[in-house]
Amino acid sequence: DAGITQSPRHKVTETGTPVTLRCHQTENHRYMYWYRQDPGHGLRLIHYSYGVKDTDKGEVSDGYSVSRSKTEDFLLTLESATSSQTSVYFCAISGEGTASGYTFGSGTRLTVV
Amino acid sequence: GNSVTQMEGPVTLSEEAFLTINCTYTATGYPSLFWYVQYPGEGLQLLLKATKADDKGSNKGFEATYRKETTSFHLEKGSVQVSDSAVYFCALLPRNSGNTPLVFGKGTRLSVIA
């Protein structure tokens, strides 16, 4: 979707290195989310944000941190990457009145070797 | 708590077959319900939604009806095409959710063969 972009699209990194994934939106939406997708687990929420500098943990937040210093950007950081964090990461956004649903980015495929 | 249960996949159908993917939910109150679709190599896209009991969401020939009495939101299509091959996710948003994010099922992979 043109209103949300993720970068990079693909990344290979070594165990123990820090990694930051970026989600950028042009919709001025309040809510932003980071999910990971793994076979057999579907989508699992890592962290989400409900405003600038307002974030909360999801069900699989261990080993991840986030920051949101401005409305349009939501960063996901793996402080010290592990092989268990090899996954496809999706960012999503939603506005007020969330019955409109989420808009997802195209994903980042991260491989930790 | 809030949860969504989808039928296990993969589901393999021949072109023009009838499709049903079952979805049931557990939630307090009456949530909004959604179906998302993920085509290979892409992110999830909203397929359809229903925000109250007995609502029917529809899009691209797919339909789902919000059934409060059976807490279900089954996805149906009368005649599938090869281009419908994808992973389908059922999701709910609790009513008066505040900051509560969408709750997703684990997804059902559909393969349609010509």
Side-chain angles (χ1 to χ4, degrees), chain A residues 1-7 9-10 21 23-25 29-51 54-61 66 68 74 87-109, chain B residues 1-10 21 23 25 27 29-53 55 57 59 64 66 73 86-110:
Chain A
D1 193 282
I4 176 171
T5 54
Q6 291 183 235
S7 58
R9 290 297 311 276
H10 302 273
L21 309 183
C23 179
H24 178 78
Q25 60 146 328
H29 282 337
R30 178 181 175 188
Y31 299 96
M32 300 185 76
Y33 311 85
W34 277 108
Y35 287 88
R36 59 179 290 175
Q37 184 177 27
D38 304 287
H41 292 278
L43 283 171
R44 292 182 291 175
L45 182 67
I46 305 171
H47 282 279
Y48 65 103
S49 170
Y50 45 94
D54 290 325
T55 64
D56 207 347
K57 296 179 179 180
E59 62 181 298
V60 290
S61 60
V66 290
R68 190 163 179 208
F74 192 33
S87 186
V88 181
Y89 292 85
F90 287 100
C91 178
I93 60 176
S94 68
E96 301 289 346
T98 48
S100 61
Y102 290 8
T103 301
F104 281 82
S106 299
T108 295
R109 183 174 294 277
Chain B
N2 301 304
S3 66
V4 174
T5 302
Q6 290 181 237
M7 62 187 288
E8 298 262 342
I21 299 178
C23 171
Y25 67 89
Y30 303 117
S32 295
L33 300 171
F34 304 83
W35 276 101
Y36 283 81
V37 58
Q38 183 182 30
Y39 298 105
E42 299 183 10
L44 279 70
Q45 304 173 24
L46 180 63
L47 180 60
L48 55 83
K49 67 180 180 183
T51 58
K52 61 183 186 296
D55 268 2
N59 186 23
Y66 189 141
F73 193 54
V87 181
Y88 293 82
F89 292 90
C90 186
L92 73 82
L93 184 70
R95 184 70 60 189
N96 301 320
S97 63
N99 296 333
T100 306
L102 275 176
V103 177
F104 286 91
K106 292 190 175 182
T108 303
R109 181 176 299 278
L110 170 66

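Heavy-atom basis, side chains included; hydrogens, waters and symmetry copies ignored. Order of the sequence lines fixes the chain letters, A, B, ..., with proteins taken first and strands second; residue numbering starts at 1 for each chain.
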A.B. asks: If the threshold is 4.0 Å, N to carboxylate O, is there a salt bridge linking A:Arg44 and A:Asp38?
C.D. replies: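 Salt bridge between A:Arg44 and A:Asp38, a charged N being under 4.0 Å from a carboxylate O: yes.
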A.B. asks: Does any backbone or side-chain atom of B:Gln6 lie under 4.5 Å from a heavy atom of chain A? Answer side chain, backbone, both or neither.
C.D. replies: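 Contact with chain A is absent: no heavy atom of B:Gln6 under 4.5 Å.
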A.B. asks: Does B:Tyr88 have any side-chain hydrogen bond (donor to acceptor under 3.5 Å, both in side chains) partners at least two apart in sequence or in another chain, and if so, which?
C.D. replies: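 None.
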A.B. asks: Can you confirm whether or not the ring centre of B:Phe104 sits under 6.0 Å from the ring centre of B:Phe34?
C.D. replies: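 Judged by ring-centre distance (under 6.0 Å), B:Phe104 and B:Phe34 do not meet the cut-off.
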A.B. asks: Heavy-atom pairs under 4.5 Å with chain A - which of B:Arg109, B:Gln38, B:Gln45 has more of them than the others?
C.D. replies: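 Of the options given, most contacts go to B:Gln38.
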A.B. asks: For a quick check under 3.5 Å, do A:Tyr33 and A:Ser94 share a side-chain donor-acceptor pair by atom type?
C.D. replies: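 Yes.
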A.B. asks: What part of A:Gln37 is in contact with chain B, defined as an atom under 4.5 angstrom from a non-hydrogen atom: side chain, backbone, both or neither?
C.D. replies: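 When you check distances to chain B, only side chain atoms of A:Gln37 fall under 4.5 Å.
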